[in-house]
Number of protein chains: 2
Amino acid sequence: MADSLNERSQNILEAIVEDYISSAEPVGSRAISRKHNFNLSPASVRNVMADLEEMGLLCSPHTSAGRIPTGKGFQYYIDTLLEVRDLNRNEKQNLRNSYRFQNMRMEDIMQEVGRVLSGLSQYTGLVMAPKFISTIFRQIEFVRLSQGRLLVIYVSETGLVQNKVIEADPTITTHDLEKISNYLNSELNGLTIHEVRAKLNQELQNDRVLYDKLKKQALSLSCAALQDEIEDQLYVSGASLMLGQPEFSTPEQMKRLIQTFESKKILIDLLDQGQSAQGVQIFIGSESSHVDLEGCSLITSNFSNQKGAIGSLGVIGPVRMNYSQVVPIVDFTAQLVSRVLDREIEEK
Amino acid sequence: MADSLNERSQNILEAIVEDYISSAEPVGSRAISRKHNFNLSPASVRNVMADLEEMGLLCSPHTSAGRIPTGKGFQYYIDTLLEVRDLNRNEKQNLRNSYRFQNMRMEDIMQEVGRVLSGLSQYTGLVMAPKFISTIFRQIEFVRLSQGRLLVIYVSETGLVQNKVIEADPTITTHDLEKISNYLNSELNGLTIHEVRAKLNQELQNDRVLYDKLKKQALSLSCAALQDEIEDQLYVSGASLMLGQPEFSTPEQMKRLIQTFESKKILIDLLDQGQSAQGVQIFIGSESSHVDLEGCSLITSNFSNQKGAIGSLGVIGPVRMNYSQVVPIVDFTAQLVSRVLDREIEEK
DNA sequence: TATTAGCACTCGTCTCTATTGAGTGCTAAC
DNA sequence: GTTAGCACTCAATAGAGACGAGTGCTAATA
């Protein structure tokens, strides 16, 4: 239905959205008729604006103010009017140079990406590391802590290191542990955690295994080590940049925003939702979707390596965000990170 | 000089500080003379207040407001008037129960401590993990990533896992790596990183070593792995709680505070300064000390295990903080964490 | 001599009012 | 269909006046 806008209405909507993006203030008919040369008087523009308001694409804070796009208006702008140009060769190179990935740990890469995204966009950068469950087994090591407590160190194909403390038979010797890790490293190499779990369960059900004490220990240890879900890692950079935006200028809004960022849960859920999609996604926060993200927009894209580990990155800013500038940055960064992850893996 | 206050002046100063702590508003002479039964008229109280103002312990925002303690006034209160009672048995037990340290990784413990400190105090919790340099070598492992790039995993005595990517001779085999890590694990076990570095440097200068290719590789790898300083880990919890405090109620103050928390550097420096001291320390932020921490007070204590790894924890809140409540919490938590760290180490 | 009652004074806060100006909707003319 | 004109709305701003909490000073009191 909204697609039935005629060209003039589209042009005016576009002008209003873009003026609003750069000024953060309600846009009046006079400003539109003057700055953009549509050769239309303010009165004509007003007529169109009234129509757009009727359709729910614009609203006015009060009678004597100009108009601002509604969430629906922004949605229409993004779906229909926004033209995302690709970065040119130069811009790509600049972006590439912004990131320094040499000899960085996975965590550092994630953090660096967040920082750069935030710095370039001047909004808040988000990066969610690939989930533990989607990683591929590379190596496992055991370190004895106190009596009966073991530190398990797990390394994924991409060099992501996770560790965990588990309880274990206190009589187990260091030598046994070494044998166990050697066994597991050769058996499980190259499998996803998903596959690893399936294999472990299968073998545990296999009765014959029980006669081999060492193997039994190996299985129960690795079960303990790999069974739990490890909570998602979300890196938030440049939260304070959001506080400079006029839409979050009151103390209450600031407080709510910082709380939302601090709890991370809402952001993780949102990024999770987008994990199945391809390419750049835009989420516009409104009262209807998530009350804590009212007034925020999220531009995200997933990155992944060839082995299927999927993470997400993006930028969160006010709904009044400069989409045409940020979308290509997010897009290209996701491609860049995907390539970097693949490079982490040894070419065999 | 400030110690030359007579008893009445001390009582009045104490009353003012405590009233101000609970109300966050300037305290007037009438309120003091009524609520506390000094048997003094407001006029007499006013005389004393004028003296205290002269000495720089109080100030008034404007002529017709009450008075508030200056930084110096708070300092005097803390040094001379504040009585910190020990927690009783019950309170200690409650505090102990607030923390759940079972089978937690070092990182989780640090994070949990920050969360609980923040929750109990209703201010912002800070925890700085023991520095890499102060940890004791336990184990090192190498994982091959791509050509010529190695992931080094280092585990300290307390189960702290650090990892790092280094460049290495691409021709080195997995088998060699295993021998190298075995060699290093037996040679370096129980040394501090400091001692490890000294030992490595010494051996590298020893010419004879150069004939043993494997040993040479082991030394150069471990040098690369352990030489850099690893940046301090600071956990900040409950930053948004500070935004509820009236002293940070304006957008500018909020923004500055969040920026300060986000950069972490200033906080780390401050905690570093206190690392040599014993017991609870209180830092009062004023324009003179650190402009970004104006209006903030920091209550910290160090924790350490018997092997000398030192970390810091504490609470940051407004200068108008409830010291008598928070100081014992910080103190006891530091003791608790110290004991937990020791328990992490295998009893041999 | 220390204390206190009394009083004039200060100054931030709140409320009410008037003014301004940007922007609208409607109507009539083009 | 477009536009000029005009009355209208309403947020923002500024100023005036009342209010009140609190002070400093002085003179009286114990």
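Chain letters run A, B, ... following the sequence lines, proteins first, then strands; residues in each count from 1. A quick note: this is a predicted structure, and the numbers were derived from the prediction, not measured.
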Report the distance from atom [atom1] of [X] to atom [atom2] of [N], rounded to the nearest whole Å.
X: A/Arg30; N: C/dG25; atom1: CZ; atom2: C1'; result: 17 Å
X: A/His62; N: C/dT24; atom1: NE2; atom2: P; result: 11 Å
X: B/Leu52; N: D/dG24; atom1: CG; atom2: C1'; result: 16 Å
X: A/Asn39; N: D/dT3; atom1: CG; atom2: C1'; result: 13 Å
X: B/Glu25; N: C/dG12; atom1: CD; atom2: P; result: 15 Å
X: A/Asn6; N: D/dG1; atom1: CG; atom2: P; result: 12 Å
X: B/Asn47; N: D/dG24; atom1: CG; atom2: P; result: 9 Å
X: B/Arg67; N: C/dT10; atom1: CZ; atom2: C1'; result: 13 Å

Pairwise 5' ranking along DNA chain D for B/Ala65 and B/Ala43, keeping only the more 5' one: B/Ala65
Any salt bridge linking A/Arg320 with A/Glu18? Criterion: basic side-chain nitrogen under 4.0 Å from a carboxylate oxygen. no
Looking at A/Arg46 and A/Glu53, is any side-chain nitrogen of the basic one under 4.0 Å from a carboxylate oxygen of the acidic one? no
Minimum-distance nucleotide (side-chain atoms of [X] versus [options]):
X: A/Ser29; options: D/dT23, C/dT10, C/dT24; result: C/dT24
X: A/Ser64; options: C/dT4, D/dC10, D/dT3; result: D/dC10
X: B/Arg8; options: D/dG1, C/dA2, D/dT23; result: C/dA2

Parallel, tilted or perpendicular for B/Phe74 and B/Tyr77, by the 30°/60° rule? perpendicular
Judged by atom type as modelled, is there a donor-acceptor pair below 3.5 Å linking the side chain of B/Glu262 to the main-chain atoms of A/Gly238? yes
Any base atoms under 4.0 Å from A/Ser44, or only sugar-phosphate, or nothing? Heavy atoms, all strands. base
Any chance the side chains of A/Asn47 and A/Ser44 put a donor and an acceptor closer than 3.5 Å? no
Nearest heavy atom decides the nucleotide; on that basis, is A/Arg46 or B/Pro42 closer to the 5' end of DNA chain C? B/Pro42
